[in-house]
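Side chains are part of it too, since the values below use all heavy atoms of this structure and drop only hydrogens, waters and symmetry mates. Order of appearance sets the numbers: ligands from 1, and atoms from 1 within every ligand. Quantities reported herein were computed from a predicted structural model and do not represent experimental measurements.
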Amino acid sequence: MTARPHDQALLDRAKTRIPGGVNSPVRAFRAVGGVPVFVSRAEGAYLYDQAGRGFVDYVGSWGPMILGHAHPEVLAAIHAAVDRGTSYGAPTEQEITFAEAIGALYPAIEMMRAVSSGTEATMAAARAARGFTKRDGIIKAEGCYHGHADLFLVKAGSGLATFGNVDSAGVPAGAAADTAVVPFNDLPAMERALAERPVAAVFLEPVVGNMGCVPPAPGYLAGVRALCDKHGTLFVMDEVMTGCRVHKGGAQALYGVRPDLVTLGKIVGGGLPLAAYGGRRDVMEVISPVGPVYQAGTLSGNPVAVAAGLATLARLDDALYAKLESFGARLQAGLEAILREKSVPGVVQRVGSMFTLFFTEKKAVHSWDDAKGCDTARFGRFHAAMLDADIYLPPSQFEAAFISGAHGDAELDRTLSAARNAIGA
Ligand code: PMP
């Protein structure tokens with residue numbers, strides 16, 4: 001294993017001032033072992049550490065960097081915005097342009113609010129749904145992540161639709177008491193949970209990224225749509241990760257299912273803190289100052305972030321998605337061939353440019369029950385060997401990897417030759 005003494009020194013220093021040395025837990029590499037790379041800059045498909053060593057990056061800042069790092073047009077837009085001042089706390093024309101651009105890509109988003117993180121977007125969408133329906137119940141699926149607001153940090157109980165088991169210290173039982181957790185891809189369980197009590201909203205990642213990449217079973221999203229209609233419940237698609245990722249118009253365009261509310265983040269913010277929630281006009285009109293549901297933000301619609309988002313949206317053309325699909329298909333086929341060649345049990349699940357190599361005996365991973373049985377120790381060894389070969393994968397079996405438009409043949413070849421050694425070892 002290549003020693004990275006500078007990263008170890010930085011981690012030791014970081015740990016004295018920042019919990020675990022990191023500002024978001026998965027960055028600490030606890031799930032795979034080893035020392036995180038402290039990044040000094042990024043460009044195209046590469047992250048660079050302080051010593052100038054480059055890594056082919058399949059994390060892409062956890063999703064936003066679909067154009068690759070430091071894209072010249074995005075940087076130019078940011079530079080130009082900075083020169084006009086960095087925050088006004090007053091409305092701008094660019095925010096309207098942004099909401100119009102989002103509405104053009106996502107017909108379900110008739111009105112939207114800009115916020116600064118995915119967590120804020122989902123939290124606000126839940127409040128809007130509760131305010132609109134005058135119900136408290138929320139349903140989420142096991143293995144889906146919707147940010148760290150109290151009402152989503154809830155885990156499944158022993159029953160199929162048990163309400164209210166907190167999944168983090170510091171979450172009061174009351175904040176979790178109205179959230180039910182059902183297995184992903186399980187329509188009968190969804191139906192039971194919806195029948196159990198009045199539910200304001202069902203939240204789903206339409207393609208799950210937060211247990212590794214798990215696509216919806218055929219008919220699942222349409223089935224959830226129909227059940228929500230039957231019960232007067234709002235269907236919220238959390239497309240913070242999948243929005244503009246699996247398709248320009250998100251999973252809702254890819255699978256042809258229209259949600260009532262949508263949350264977006266990551267790509268739409270072009271790598272700056274910008275996210276959004278929106279959807280049906282009648283629902284969004286509950287938001288203050290039009291309606292009684294309060295939601296606000298000092299930096300909401302920040303002009304620099306909006307400039308980065310608009311510059312990114314402007315680059316999302318068919319050629320980009322064709323390129324991502326082609327790279328993704330070749331990477332998937334290459335990894336599957338290596339698994340067979342080395343007789344290592346595993347599957348590669350992919351939707352466009354998001355994918356996961358699961359080390360499992362199963363033919364497919366459909367739910368958290370399937371995912372949690374994966375060989376995480378083997379994934380940890382694989383991750384370490386790939387990092388040694390300068391390939392930067394998400395540091396957990398349960399996180400999707402991302403391809404950018406800056407990934408090309410050279411990166412594909414390097415990745416597959418590293419994987420041949422790492423999977424064989
Ligand atoms: N929803 C989904 C589907 C996510 O993947 C994430 C973040 N990974 C969030 C919400 C929360 O977003 P943020 O980290 O920007 O708060």
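For the pair Q332 (side chain) and V348 (backbone), a donor-acceptor distance under 3.5 Å is present. Using modelled atom types, no side-chain atom of E205 and backbone atom of M241 make a donor-acceptor pair closer than 3.5 Å. Side-chain atoms of H148 do not come within 3.5 Å of backbone N or O of T119 as any donor-acceptor pair. When atom types are taken as modelled, the side chain of S326 and the backbone of A322 share no donor-acceptor pair closer than 3.5 angstrom. Side-chain atoms of S288 never come within 3.5 Å of backbone atoms of Y294 as a donor-acceptor pair (strictly under, hydrogens ignored).
Looking at M241, H148, K266, it is K266 that brings a heavy atom closest to atom 7 (C) of ligand 1. The residue from T122, T242, D238 that puts a heavy atom closest to atom 1 (N) of ligand 1 is D238. Of the listed options N210, V115, T119, L264, N210 places a heavy atom closest to atom 4 (C) of ligand 1.
Close contacts of ligand 1 with S117, meaning ligand atoms under 4.0 Å from a residue heavy atom, involve 15 (O), 16 (O). Distances below 4.0 Å separate heavy atoms of E205 from the following atoms of ligand 1: 3 (C). For ligand 1 and H146, the ligand atoms under 4.0 Å from any heavy atom of the residue are 1 (N), 10 (C). In the vicinity of G147, heavy-atom distances shorter than 4.0 Å reach the ligand 1 atoms 9 (C), 10 (C), 11 (C). Atoms of ligand 1 lying under 4.0 Å from at least one heavy atom of G118, given by number and element, are 11 (C), 12 (O), 13 (P), 15 (O), 16 (O).
The shell of residues lying under 4.0 angstrom from ligand 1, judged by heavy atoms, excludes W62.
Among R135, K140, R197, the single residue meeting the salt bridge (charged side-chain N to carboxylate O under 4.0 Å, His left out) criterion with D178 is R197.
For an aromatic pair to be called close, the ring centres must be under 6.0 Å apart, and F184 with Y220 satisfies this.
Distance remark: protein heavy atom not present below 4.0 angstrom from atom 14 (O) of ligand 1.
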